[in-house]
Undergrad: 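Before anything else, here's the structure in question.
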Amino acid sequence: MTWGKGDHPAKEATMSEPRDEYQRRLAKLSRLKRQGQDPFSHHSYRRSHVTAQLQSNFAEWAGQQVSVAGRIVAVRGHGKSIFVDLQDASGTVQVYAQVDVLGEEEYARFQDLDLGDIIGVQGELFRTRSEEVTVRCEQFELLAKALRPLPEKFHGLQDQELRYRQRYVDLLANAEVRKIFETRSRIVQVARDHLIEQGFLEVETPVLQPLYGGAAARPFTTYHNALEMQLYMRIAPELYLKRLVIGGLERVFEIGRVFRNESIDTRHNPEFTILEAYQAYADYEAMMALTEGLVGAMCQAVHGGLQFTYQGNEIDLTPPWRRIALLDAIEQYSGVTLSGIADAQTAREQAVAAGLQAETIEGQSLGYIIDKLADRFVEPELVQPTFITDYPVQISPLAKRKADAPELTARFEPFIGGEEIGNAFSELNDPLDQRERFEAQVAARAAGDEEAHPLDEDFIRALEYGMPPTGGLGIGIDRLVMLLADQPNLREVIFFPLLRPSGQ
RNA sequence: GGGCCGUUAGCUCAGUUGGCAGAGCAUCGGACUUUUAAUCCGAGGGUCGCAGGUUCGAUUCCUGCACGGCCCA
């Protein structure tokens, strides 16, 4: 055994209580264990109610014995009695401990509890003079000891970095944060119910893929030891879900995590949740109706109607949503007329004239310039729900061409609150055209576009077996949660957003 | 990748034009049996993100780094 300087074995017995809160509680824990009161020995606790039930059904249980369990989040001592607030998943309830109810010994044990401890309490339900619903503590158990102190009771935990790194503290200290995640859960549940009601089958497809595809993004790579092969984390489930449609599953959907190896900001996390749905014998217009129905149902569940406020903007999701073709929207919001322009050079000149920085689009393709123009001039304006339609075929390698305009695709992206929330199209089911599109992507990749699709031979082979005309829809769940929970930062709707290690 | 900002007690935040570092909550001791951001009296608690530099002296000024935030790309 080694001692630090100044340490002396004889001192231990006379050493005063450690000053540090953690050390203090650790010492208390070991004392409890020595006394045969190990707080971590409990395997369960029988509750008669959760706290919210006591609050809402007080009259029914007043004067009766109830039992609740939760975390001590506030303590107000009065000498011979103590009030504590007990928090569980449903809310809080006050507990009142009195020496003449508990007896000296049990009361002393109650006094010994710390803020943050998890206890079970049994006793009579009553209201105090000030009408507070309260459980009179007649029996209690310490169910888990908190060794670390809670954040400040009034402001909660504010430090964003700590909130994300230690989300558990954020959740237990900040009720608004819990609400956001409850909203998130409800949104996913509603989406699932809505699709299942309409005859969609929920499926799961591979996250680890020998070849990635279905979106323009760089993948994460990983390695399978036994197979001795590189694998990719999926960037989208699209190509597998379409394989299922080819297999005869006419309506399928998947809600799952996808992974894109890109930078992190207020709107991007390397892993996020996507909902994709595919419906055979339907086109992109059917997907518009599906989008309106889905997002409307989510909003209904969260806000009780089709209107809500996002960052100060009143938004109305009543269908039908506005529709406007991409090039028309660009013309309307930036003044740049691109219809009829085939060469990138002319488009670049016009874009620069409209206000885009020349360096950012220098040497870029027409599709890229269209993207940039839409990003800069169109998307921020799309506060009310809007379908931007008719994307050029060059930037839509998996979408079917429009019959009357083969350089455009039967595709749309829905926007709400200035945010892109999804992507949908009539799926390309011509295997020969699909091969050509993939080949154009491979050429783009060779020219330096790292987000271009690789050629997926097995997917083309699947198409060669025949895929019915199919409409497909992808929706970014995280973005929708941001909108419906009125949060401007994606990290507020993801429990554990990716951060650099703090080094501690 | 670039710009700006932040990092001070367990938490929320002040502050130091360069000279022994502050409050509230939390903690500890005392009083208080219907309080609820309880109240009252008293006390302890700091590597001022990290590493250099300038200086008699740096938490403060300078440089670099780390992590985070916001904006731009």
Side-chain angles (χ1 to χ4, degrees), chain A residues 15-28 51 55 72-87 91-104 107 110-117 123-137 146-170 172-175 262-268 311 351 355-362 364 368-369 371-373 375-376 380 450 487-492 497-504:
Chain A
M15 209 160 50
S16 56
E17 285 282 272
R19 303 222 185 289
D20 176 68
E21 177 68 2
Y22 177 76
Q23 293 300 329
R24 208 197 106 247
R25 293 191 184 204
L26 208 52
K28 188 180 279 188
T51 62
Q55 301 286 359
I72 298 172
V73 294
V75 179
R76 296 174 291 281
H78 288 260
K80 298 291 198 301
S81 69
I82 303 172
F83 292 98
V84 306
D85 292 341
L86 205 62
Q87 172 180 288
T92 64
V93 73
Q94 178 167 266
V95 170
Y96 190 38
Q98 296 154 283
V99 68
D100 53 12
V101 172
L102 281 170
E104 294 286 347
Y107 185 73
F110 196 95
Q111 280 183 305
D112 197 38
L113 295 171
D114 286 305
L115 215 44
D117 286 355
E124 178 203 1
L125 187 67
F126 74 107
R127 272 196 209 272
T128 62
R129 277 209 277 260
S130 50
E131 297 289 287
E132 184 76 24
V133 172
T134 303
V135 178
R136 191 182 311 283
C137 181
L147 293 177
R148 296 179 186 272
L150 255 31
E152 208 247 0
K153 64 181 167 189
F154 192 58
H155 300 92
L157 184 65
Q158 294 297 321
D159 185 285
Q160 285 189 63
E161 185 172 352
L162 278 182
R163 289 184 46 235
Y164 301 149
R165 287 192 197 283
Q166 295 183 260
R167 182 69 89 179
Y168 40 91
V169 180
D170 190 25
L172 69 87
N174 299 322
E262 57 199 7
S263 63
I264 300 172
D265 60 34
T266 48
R267 279 165 182 70
H268 296 89
Q311 300 297 294
L356 279 192
Q357 283 183 297
E359 325 63 274
T360 66
I361 54 171
E362 195 176 328
Q364 296 290 354
Y368 185 89
I369 295 160
D371 256 2
K372 284 290 138 198
L373 284 168
D375 248 29
R376 166 77 182 279
E450 292 183 321
Q487 294 300 316
N489 186 336
L490 193 70
R491 283 173 282 237
E492 295 298 338
L498 187 64
L499 299 180
R500 280 200 161 89
S502 68
Q504 286 170 12

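Lettering of chains follows the sequences in order, A, B, ..., and the numbering in each one begins at 1. It should be emphasised that the depicted structure is a prediction, and the values quoted were computed from it without experimental measurement.
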Undergrad: Please check the phosphate of C28(B) (OP1 and OP2 only) for any side-chain N or O of R24(A) closer than 4.0 Å.
TA: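 Answer is yes, contact under 4.0 Å.
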Undergrad: L147(A): which residues meet the side-chain contact (heavy atoms from CB on, under 4.5 Å) condition with it, sequence neighbours left out?
TA: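 Listed in chain order: Y22(A), R25(A), L26(A), L29(A), K145(A).
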Undergrad: Any N or O donor-acceptor pair linking the side chain of D100(A) to the base of U33(B) at under 3.5 Å?
TA: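 Answer yes: a donor N or O sits under 3.5 Å from an acceptor.
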Undergrad: Could you walk me through whether D100(A) and K80(A) satisfy the salt bridge (Lys or Arg N to Asp or Glu O under 4.0 Å) test, starting with their C-alpha distance in whole Å, then the side-chain angles of each, then the deciding distance to 0.1 Å, before giving a yes or no?
TA: CA-CA 8 Å; D100(A) 53 12; K80(A) 298 291 198 301; over 6 Å; no
Undergrad: Pairing donors with acceptors under 3.5 angstrom, does anything connect the side chains of R376(A) and Q357(A)?
TA: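 No, no side-chain donor-acceptor pair sits under 3.5 Å.
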Undergrad: All N/O contacts under 3.5 Å from nucleotides 69-73 of chain B to the protein, with atom names and distances to one decimal?
TA:
| unit_1 | atom_1 | unit_2 | atom_2 | d |
| --- | --- | --- | --- | --- |
| G69(B) | OP1 | R491(A) | NE | 3.2 |
| G69(B) | OP1 | R491(A) | NH1 | 3.3 |
| C70(B) | OP1 | N489(A) | ND2 | 2.7 |
| C70(B) | OP2 | R491(A) | NH2 | 3.0 |

Undergrad: Mind calculating the distance between CD (Q55(A)) and P (U36(B)) to the nearest angstrom?
TA: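 Spelled out: CD on Q55(A) to P on U36(B) is 17 Å.
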Undergrad: Can you name the residues that form a salt bridge (Lys or Arg N to Asp or Glu O under 4.0 Å) with R148(A), not counting sequence neighbours?
TA: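 For R148(A), no residue satisfies salt bridge (Lys or Arg N to Asp or Glu O under 4.0 Å) once neighbours in sequence are set aside.
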Undergrad: If you only use heavy atoms from C-beta on, which nucleotide in U33(B), U36(B), U27(B) is closest to the side chain of K80(A)?
TA: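 For K80(A), the side-chain atoms sit closest to U33(B).
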Undergrad: If a pair means Watson-Crick or G-U wobble with both distances below 3.5 Å, what does RNA chain B look like in dot-bracket form, with | marking bases paired to a different strand?
TA: (((((((..((((.....[..)))).(((((.......))))).....(((((..]....)))))))))))).
Undergrad: Go nucleotide by nucleotide along RNA chain B from the 5' end; which of F83(A) and L157(A) gets its closest nucleotide reached first?
TA: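 Comparing both residues, the 5'-ward one is L157(A).
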Undergrad: Applying ring-ring contact (aromatic ring centres under 6.0 Å, His included), name anything that partners H78(A), two or more places apart in sequence or on another chain.
TA: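 Listed in chain order: F83(A).
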Undergrad: Report all interatomic pairs (protein N or O, nucleotide N or O of nucleotides 23-26 of chain B) with separations under 3.5 Å.
TA:
| unit_1 | atom_1 | unit_2 | atom_2 | d |
| --- | --- | --- | --- | --- |
| C25(B) | O3' | K153(A) | NZ | 3.3 |
| A26(B) | OP1 | K153(A) | NZ | 2.9 |

Undergrad: Considering just the side-chain nitrogens and oxygens of R76(A), establish if one lies under 4.0 Å of OP1 or OP2 belonging to U35(B).
TA: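 Answer is no, no contact under 4.0 Å.
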Undergrad: To the nearest Å, how far apart are D85(A) CG and U34(B) C1'?
TA: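 One finds 13 Å between C1' of U34(B) and CG of D85(A), rounded.
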Undergrad: Decide yes or no, distance alone: a donor-acceptor N/O pair under 3.5 angstrom between the base of U35(B) and the side-chain of Q94(A).
TA: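 Under the 3.5 Å cut-off, the side chain and the base do form a donor-acceptor pair.
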Undergrad: What's F126(A) touching, base or sugar-phosphate or nothing? Going by heavy atoms closer than 4.0 Å.
TA: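 Base, at least one base heavy atom under 4.0 Å.
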Undergrad: Is a donor-acceptor pair below 3.5 Å formed from side chain Q158(A) to base U12(B), judging by atom type as modelled?
TA: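 There is none.
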Undergrad: Kindly say whether, by distance alone, the side chain of S130(A) makes a donor-acceptor pair under 3.5 Å with the base of U34(B)?
TA: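 No, the side chain and the base share no sub-3.5 Å donor-acceptor pair.
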